[in-house]
Amino acid sequence: MALKLNCQYLSDFVSDKEIAALQDEVNKAHAFLYENKANAEGKDFHGWLTLPEDYDREEFARIKLAAKKIISDSEVLVVIGIGGSYLGARAAIEFVKSKNYNLLAKGTPKIFFLGNSISPTEISEILAVCESCDFSVNVISKSGTTTEPAISFRLFKNLLEKKYGKEKAASRIYVTTDKAKGTLKALADREGYEQFVVPDNVGGRYSVLTAVGLLPIACAGIDVDKLMLGAADAKKAYEKVSVSENDCYKYAAIRNALYRKGKKLEMMVCYEPDFTMMNEWFKQLFGESEGKENKGIYPTSAIYSTDLHSLGQYVQEGERTLFETVVAFNRPKCDIIIEEDEENVDGLNFLAGKGMSFVNQKAFEGTVLAHTDGNVPNIIIEADEMDEYNLGQLIYFFEKACAISGYILGVNPFNQPGVESYKKNMFALLGKPGYEELAAVLSERLGK
């Protein structure tokens, strides 16, 4: 395995005996996934578990062909989706390529992600970009009626049809939706859009290794075969139930042990800015899976050393309710050697001849020691490098750890009932038919 769980900075916070004491609860969580599915909450959404091995090979081939076409005929790809329908793909592209992908892209289209907000400013800017170049759209929605992506798709569909005519526009629209039902599925059937499937048994936040994530990822020139291989190897590695033999289960157990000791916040940390969107993907995965029934660890994130100059003081000396999970890479994507300066105005000649990766590593080492001294537990997840194979392993590691951790916590890690509350209120306030009674109540509460 390219991944390794490093627990050397946890001994003052969680003992091996305390982790081992959670084995029975881990056994029960494991059984919910493999042996006792009939009694497992969320049992209909376990499809991600075997996905790295039993994915649809025919659709996978079509994804690669569609990506090849988009690369050949489009300067821009607009990906329209929200939550799990965009976070995984964007995280993967920035992880493997760069957070500056659109500035550096050569031979592949610029990729813009929309439908994840209702900002007219953001949408109008990308519309302006697409007016003067060849572009395609990948709209991702199980139903086709989620407000944010539906608005964006309406606008970009209209622009495509105005620019190319209805028939040619149809060849530039790629739909990832339900295999059998929904308004988006019906529209795609009627207009002849190429379609890919959001599997029924894979929830949105677990869907990055389906067509939901794979089509945009492939359009960025990323090797999706290596991505799936990494996930498949992780699947095999994390099947043992013993926490002493399974780093994934051990991480889930450690999180719960810390939670029971009052550590209510988990800060996902990396020293590479290209990990920023992986942090966002992590926050949705764990926040939406565990935050139920007034339970759950609150997921937050930081990029060091940047955020050490804004959050560092709080982490070091604020309320002692958090722990950090640091993803560290053994090899950077590239390195820069610091040269000697004759005047040494900045006093940095002591670093002459050393790589910036060396400085970054020492920043990590100094920080983890300072934070643990300040009573902040640190879990370290070590990976080899920021490539497709390591990413596949990280994705599967976190997905499975999240499922096990949620079951240990005693919640269903595959639903999100709380997300619907804001939607109902928004629909009512927007005047959607069928919400008139709720609209009246809300208007009174708002003083309108």
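Of the residues listed (Thr146, Ile118, Ile80), the one engaging Ile151 in a side-chain contact (heavy atoms from CB on, under 4.5 Å) is Ile118, and it is the only one. The side-chain contact (heavy atoms from CB on, under 4.5 Å) with Ser152 is formed by just one residue from the set Val139, Ile123, Ile82; it is Ile123. Partner Leu391 forms a side-chain contact (heavy atoms from CB on, under 4.5 Å) with one of Met386, Glu385, Met278, Lys226 and no other, that one being Met278.
Using the six-membered ring where Trp is involved, Phe156 and Phe135 have ring planes that are perpendicular, over 60° apart on the 30 and 60° scheme. Ring orientation note: the planes of Tyr55 and Phe60 are tilted relative to one another, at an angle of 30° to 60°. Between His46 and Tyr407, the two ring planes are perpendicular [angle over 60°; tilted spans 30° to 60°].
By the 6.0 Å and 45° rule, Lys264 does not stack over the aromatic ring of Tyr298. Cation-pi check for Lys432 over Phe427 is met; the charged atom lies under 6.0 angstrom from the ring centroid and within 45 degrees of its normal.
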Could you go step by step and tell me if Ser301 and Lys283 meet the side chain to side chain donor-acceptor pair (under 3.5 Å) rule? CA-CA 8 Å; Ser301 65; Lys283 287 191 284 191; 3.2 Å; yes

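Side-chain polar atoms of Asn6 and Glu382 form a donor-acceptor pair below 3.5 angstrom. When only modelled atom types and interatomic distance are considered, Gln313 and Glu317 share a side-chain donor-acceptor pair under 3.5 Å. Side-chain atoms of Asn36 and Lys28 form no donor-acceptor pair, as typed in the model, at a separation below 3.5 Å. With no hydrogens or angles considered, no side-chain donor-acceptor pair links Thr300 and Glu266 at under 3.5 Å. Judged by distance alone, the side chains of Ser405 and Glu290 do bring a donor and an acceptor atom under 3.5 Å apart. Looking at Lys185 and Tyr193, their side chains never bring a donor and an acceptor atom within 3.5 Å of each other. Between the side chains of Thr372 and Asp12, no donor-acceptor pair of N or O atoms lies under 3.5 Å.
Atom CD of Glu437 sits in a sparse spot, with 12 or fewer heavy atoms from other residues, nucleotides or ligands closer than 6.0 Å.
With ring centers used as reference points, Tyr251 lies under 6.0 Å from Phe397. Separation of the Tyr304 and Phe364 ring centroids does not fall under the 6.0 Å cut-off.
A side-chain donor-acceptor contact under 3.5 Å links Lys400 to the backbone of Tyr238. Checking side-chain atoms of Glu94 against main-chain N and O of Ala91 turns up no donor-acceptor pair under 3.5 Å. A donor-acceptor pair under 3.5 Å links the side-chain atoms of Gln23 to the main chain of Val241, judged by distance alone.
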